[in-house]
Every structure is written in C-alpha cells, then in structure tokens.
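All residue numbers in this chain count up from 1 along the given sequence.
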Amino acid sequence: MKTLKEASIGSTVKVVKLHGEGAVKRRIMDMGITKNVDIYIRKVAPLGDPMEVTVRGYELSLRKADAEMIEIM
C-alpha cells in the first residue's frame, strides 16, 4: 500500500482508497479527493509538511497526516 505522502514530486497518481473515518474522511472528500481521481504532486515544503497538489483543476495544500490517509497507485 502506497500513500500520497510517499509520492514523488512531479508525478500524477490515482486515488485507490481513503482511510480514516468520520469528520476527517468527510473533510478530505469535501476537498475533492475521492476514489479514482487523479492527483498531481506540485511541490513539497522543505520539511515535508504541507505538500501542494493539483486535484480537479485547483491547487490544494495537504498536511502529512492527511496525505497518509490517501492510498494511491
């Protein structure tokens, strides 16, 4: 299982599954990150937190904790 946190800069990945539950999972889904959506990794902050991605045509910053809950392929 590979998570979004482990994806390399400049790559495009596809979401396989969202982990987590309740309000945290709902918040991730409200940002547009759902199953089978493509995510482009734009850049990562020097200390690795947060990371900037493009999803559904807009830029989004994600914390490491949130990125670990997103399983990709």
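Here the closest non-hydrogen pair linking L62 and D49 is O-OD1, 4.2 Å. Across all their heavy atoms, V44 and M51 have their closest contact at CG2-CB, 4.0 Å. Here the closest non-hydrogen pair linking L18 and I33 is CD1-O, 3.4 Å. Nearest heavy-atom pair, V13 versus I41, reported as atom, atom and distance to 0.1 Å: CG2-CD1, 4.0 Å. Scanning both residues, S8 and S11, for their nearest heavy atoms gives O-OG, 2.6 Å. Between V16 and I72 the shortest heavy-atom distance is CG2-C, 3.7 Å.
Between T3 and I70, the closest side-chain pair of non-hydrogen atoms is not below 4.5 Å. In this structure the side chain of M69 reaches within 4.5 angstrom of the side chain of V24, judged on heavy atoms.
Taking the charged nitrogens against the carboxylate oxygens, D38 and K14 do have a contact shorter than 4.0 Å, which makes a salt bridge. Under a 4.0 Å N-O distance rule, the pair K2/E71 does not qualify as a salt bridge.
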request  = Report the C-alpha separation of D30 and R27 in whole Å, then their side-chain angles, then the decisive distance to 0.1 Å, and conclude whether the salt bridge (Lys or Arg N to Asp or Glu O under 4.0 Å) test is met.
outcome  = CA-CA 5 Å; D30 287 344; R27 187 170 54 84; over 6 Å; no

inquiry  = Apply side chain to side chain contact (heavy atoms under 4.5 Å, CB included) to residues T54 and L60 and explain how you reach the verdict.
reply    = CA-CA 6 Å; T54 301; L60 178 67; over 6 Å; no

request  = Go through D66 and R63 one step at a time and tell me if the side chain to side chain contact (heavy atoms under 4.5 Å, CB included) criterion holds.
outcome  = CA-CA 5 Å; D66 293 339; R63 297 179 304 181; 3.5 Å; yes

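The neighbour count for K17 NZ, taken as heavy atoms of other residues, nucleotides or ligands under 6.0 Å away, does not exceed 12. Heavy atoms from other residues, nucleotides or ligands lying under 6.0 Å from CE of M1 number more than 12.
T34 and R56 form a side-chain donor-acceptor contact under 3.5 Å, judged by distance and modelled atom types alone.
The structure places NZ of K5 at 5.5 Å from NZ of K64, a figure rounded to the nearest 0.5 Å.
Residue V55 is not grouped with residue Y40 when hydrophobic side chains (ILVMFWY) are merged at heavy-atom distances under 4.5 angstrom, including chains of intermediate members.
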